[in-house]
Amino acid sequence: MIDIRLIRENPKEVQEAISSLGADAPIDEIARLDERRRDILQELEDLRHQRNVTSKQIGQMKDEEKRKQLIEEMGGVNDSIKTFEKELRNVEENLEELMYQVPNLPHESVPVGEDESENKIVREEGKPKTEAEFGFAPLPHWDLGPQLGIIDFERGVKLSGSRFYVLYGLGYRLQRALINWMIDFHVTQHGYTEVYPPAIVKEICMWGAGQLPKFRDNIYQDIEDDLWLVGTAEIPLTNLHRDEIVEADKLPIKYVTHTPCFRREKFSAGRDVRGIKRGHQFDKVEMYHFTTPEASYGELEQIVRNAEDICRALEIPHRVVEMVTGDLGFVASKKYDVEMWAPGCGEWLEVSSCSNCETFQARRSNIRFRADAKAKPEFVHTLNGSGLALPRTVIAVLENYQQEDGSVIVPEVLRPWMGGVEVIRIEEAG
RNA sequence: GGAGAGGUAGCGUAGUCUGGCCUAACGCGCGCGCCUGGAAAGCGCGUGAACCGCAAGGUUCCGUGGGUUCGAAUCCCACCCUCUCCGCCA
């Protein structure tokens with residue numbers, strides 16, 4: 001949710017900003033309803049004032065005659081109040097519905113661009129290994145995994161349909177090792193507090209994090225109990241402090257968590273169907289900050305660095321990409337992706353997406369802080385960043401560390417979390 | 001699933017039976033000051049939020065939504081949520 005004052009005061013600029021996102025929003029209609037709302041409020045408040053004053057008089061009145069007369073007069077006032085109240089409710093309902101459809105506005109530093117093809121590569125670290133350096137043609141993980149007996153696509157489909165798979169043995173062990181290692185890394189090296197939140201939440205949480213109404217079709221839902229499966233830990237983490245006022249000295253609050261994520265992938269039908277890159281269910285380690293407006297952009301850079309630290313420790317080539325306006329999405333003011341190179345499938349995999357949402361989620365979720373004890377509460381800024389998404393990190397490990405005989409070397413940092421295993425071999429993997 | 005209790009401002013609670021002095025009290029916490037070598041304690045003062053308005057000021061909010069009434073935290077109806085006990089259970 002953006003501040004309606006922006007629309008009230010600079011409707012043109014807001015309209016342009018939204019156009020730069022390649023999005024659309026009913027700004028004119030919002031401005032019209034906002035004005036009508038304020039007009040009604042003015043009328044209504046005058047009438048209510050009149051009612052309050054008169055009612056008080058009636059309560060104290062001794063003269064029965066005058067008393068009856070006043071009560072009579074109040075009849076008309078009450079009718080007007082009821083009429084205005086009804087219209088106000090109507091206008092506010094419409095206004096809110098429209099406001100929920102307005103995307104977040106881009107930060108001034110975000111490069112203008114049509115779509116992802118114009119995203120800027122900010123920096124790159126580690127050289128992708130060439131085929132010559134490998135000494136053989138590296139396999140994609142959808143060949144490597146089944147060959148090692150650690151990924152089973154057929155049985156995944158048997159259980160749950162397309163875009164599901166089963167991990168076995170050292171494959172699953174590798175994922176577990178990554179999860180625990182990454183969480184420990186963020187806790188000990190980056191100062192995060194680890195949390196374990198619910199992965200299915202009430203509808204209100206979906207609105208608060210900006211998932212509804214826009215992404216309704218992409219969310220799994222239990223209709224009977226009105227519970228929604230989260231597509232990212234960002235949702236429960238945002239809602240941890242919903243309707244709270246946080247003291248400034250507690251900020252920044254930095255959480256790291258690991259949850260399953262569920263996505264219907266209705267918007268990507270037919271894309272990335274091979275392998276484990278885009279499943280309906282996947283695990284993700286997620287970083288999340290609640291912070292002040294002054295600190296948020298510095299912290300966005302920090303979150304990106306935190307994600308890069310993981311890539312670096314794994315010794316996998318990676319790069320940071322800055323999103324242009326056309327690829328920002330609905331909730332971010334500014335966003336970076338971190339991508340790992342996957343030599344088998346020959347593409348850069350988005351393993352992390354780091355966003356500063358400024359007050360967009362905080363407004364929807366009513367999360368505020370007090371700069372000091374006397375200050376008025378103001379909205380916090382919220383930031384999120386994957387640290388990292390599991391299946392894609394598993395892909396990158398398998399494809400970068402594969403050897404000619406089909407075995408995969410375990411990255412050194414992971415070995416303590418792998419029970420000392422150094423190589424995943426065909427004969428021992430399962 | 002059964003029975004009961006409850007939802008009041010950052011937290012804890014009073015007020016509801018008996019509608020108007022509720023413009024919501026009190027405690028904790030927090031802020032300022034006094035005191036002190038410094039602090040704690042103590043004492044004094046202050047301290048909810050949102051919206052409209054240049055301002056003065058006004059309006060709204062006692063879980064949510066309706067209703068009754070000149071007037072509702074208080075009465076009536078519906079719904080939501082939380083807790084406790086029992087049952088079942090990883």
Side-chain angles (χ1 to χ4, degrees), chain A residues 1-9 30-100 196-208 212 221-228 236 239-251 253 260 290 292 359 362-380:
Chain A
M1 194 92 81
I2 67 170
D3 189 345
I4 194 160
R5 265 174 284 219
L6 290 173
I7 296 176
R8 193 180 297 156
E9 286 156 21
I30 288 172
R32 197 185 62 75
L33 285 171
D34 176 51
E35 198 178 338
R36 181 65 193 142
R37 172 175 171 272
R38 282 179 296 153
D39 287 346
I40 298 171
L41 263 181
Q42 205 61 256
E43 297 277 356
L44 200 50
E45 290 183 2
D46 287 347
L47 288 167
R48 279 173 176 160
H49 182 56
Q50 194 181 334
R51 182 177 68 184
N52 286 346
V53 171
T54 312
S55 289
K56 188 145 281 180
Q57 284 173 4
I58 291 172
Q60 295 160 349
M61 184 124 341
K62 304 245 166 82
D63 185 331
E64 218 24 66
E65 202 60 27
K66 277 187 185 167
R67 191 184 153 95
K68 277 199 178 123
Q69 195 185 328
L70 275 179
I71 291 176
E72 183 110 350
E73 280 172 29
M74 289 304 287
V77 173
N78 273 328
D79 287 346
S80 303
I81 289 179
K82 277 196 180 125
T83 308
F84 278 122
E85 277 179 342
K86 202 170 167 194
E87 195 191 345
L88 182 66
R89 215 175 308 129
N90 237 306
V91 167
E92 287 187 333
E93 236 169 64
N94 290 338
L95 190 57
E96 190 184 40
E97 195 187 326
L98 295 182
M99 283 299 286
Y100 270 118
Y196 174 72
I200 50 179
V201 296
K202 297 181 197 172
E203 179 178 343
I204 189 176
C205 297
M206 290 291 172
W207 289 93
L212 287 175
Q221 169 189 184
D222 171 13
I223 294 168
E224 194 179 348
D225 290 329
D226 191 30
L227 284 172
W228 302 61
N239 280 275
L240 278 181
H241 294 291
R242 174 158 49 81
D243 292 323
E244 292 183 15
I245 299 175
V246 187
E247 293 308 325
D249 57 18
K250 298 248 164 57
L251 300 176
I253 296 172
F290 298 87
T292 61
T359 62
R363 281 177 196 282
R364 289 177 166 233
S365 301
N366 192 28
I367 308 166
R368 292 168 295 169
F369 77 102
R370 241 184 266 276
D372 61 79
K374 283 179 170 174
K376 247 183 77 137
E378 51 184 310
F379 292 111
V380 300

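Here is how names work: the chains are called A, B, and so on, in the same order as the sequence lines, proteins then strands, and each is numbered from 1.
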Visitor: Both distances under 3.5 Å, Watson-Crick or G-U wobble: report the partner of B/rU47, or none.
Guide: B/rG29
Visitor: Tell me whether the OP1 or OP2 atom of B/rG66 has a side-chain N or O from A/Arg89 closer than 4.0 Å.
Guide: yes
Visitor: Once you apply a heavy-atom cut-off of 4.0 Å, does A/Leu70 come out as touching a base, just sugar-phosphate, or nothing?
Guide: nothing
Visitor: Round to the nearest Å and state the distance from A/Glu45 atom CD to B/rA50 atom P.
Guide: 15 Å
Visitor: Is the closest side-chain heavy-atom distance between A/Thr359 and A/Glu378 below 4.5 Å?
Guide: no
Visitor: Does a side-chain heavy-atom distance below 4.5 Å link A/Asp222 with A/Ile200?
Guide: no
Visitor: Both A/Gly59 and A/Asn78 contact RNA chain B. Taking the nearest nucleotide for each, which residue is further toward the 5' end?
Guide: A/Gly59
Visitor: Which value, in whole Å, describes the distance between the C1' atoms of nucleotides B/rG4 and B/rA90?
Guide: 27 Å
Visitor: To the nearest 0.5 angstrom, please state how far the CG atom of A/Asp34 sits from the CZ atom of A/Arg5.
Guide: 10.0 Å
Visitor: Tell me: CG of A/Asn52 to P of B/rU60, nearest whole Å?
Guide: 5 Å
Visitor: Looking only at atom P, what distance separates B/rC45 and B/rG27, rounded to whole Å?
Guide: 11 Å
Visitor: Between B/rG48 and B/rU8, how far apart are the two C1' atoms, rounded to whole Å?
Guide: 12 Å
Visitor: Nearest whole Å is fine: how far is B/rA49 P from A/Arg368 CZ?
Guide: 8 Å
Visitor: Return the 5'-most residue of the pair A/Val53, A/Pro377 with respect to RNA chain B, ranking by each residue's nearest nucleotide.
Guide: A/Pro377
Visitor: Would you indicate which nucleotide in B/rC51, B/rC70, B/rU60 comes nearest to any side-chain atom of A/Arg67?
Guide: B/rC70
Visitor: Could you tell me how far apart A/Phe369 (CZ) and B/rG10 (P) are, to the nearest whole angstrom?
Guide: 17 Å
Visitor: How close or far is atom C1' of B/rG71 from atom CD1 of A/Ile58, stated in whole angstroms?
Guide: 7 Å
Visitor: When you check the phosphate oxygens OP1 and OP2 of B/rG31, does a side-chain N or O of A/Arg370 lie under 4.0 Å from one of them?
Guide: no
Visitor: Rounding to a whole Å, what distance do you find between A/Glu43:CD and B/rC52:C1'?
Guide: 13 Å
Visitor: Between A/His49 and B/rU59, is there a contact of a side-chain N or O with OP1 or OP2 at under 4.0 Å?
Guide: yes
Visitor: What heavy-atom pair brings A/Leu95 and A/Arg37 nearest, and what distance separates the two atoms?
Guide: CD2-CD, 3.9 Å
Visitor: When the C1' atoms of B/rG15 and B/rG7 are compared, how many Å lie between them, rounded to an integer?
Guide: 15 Å
Visitor: In whole angstroms, how far is the C1' atom of B/rA49 from the CZ atom of A/Arg363?
Guide: 16 Å
Visitor: When the distance from CG of A/Asn366 to C1' of B/rC51 is rounded to whole Å, what number comes out?
Guide: 14 Å
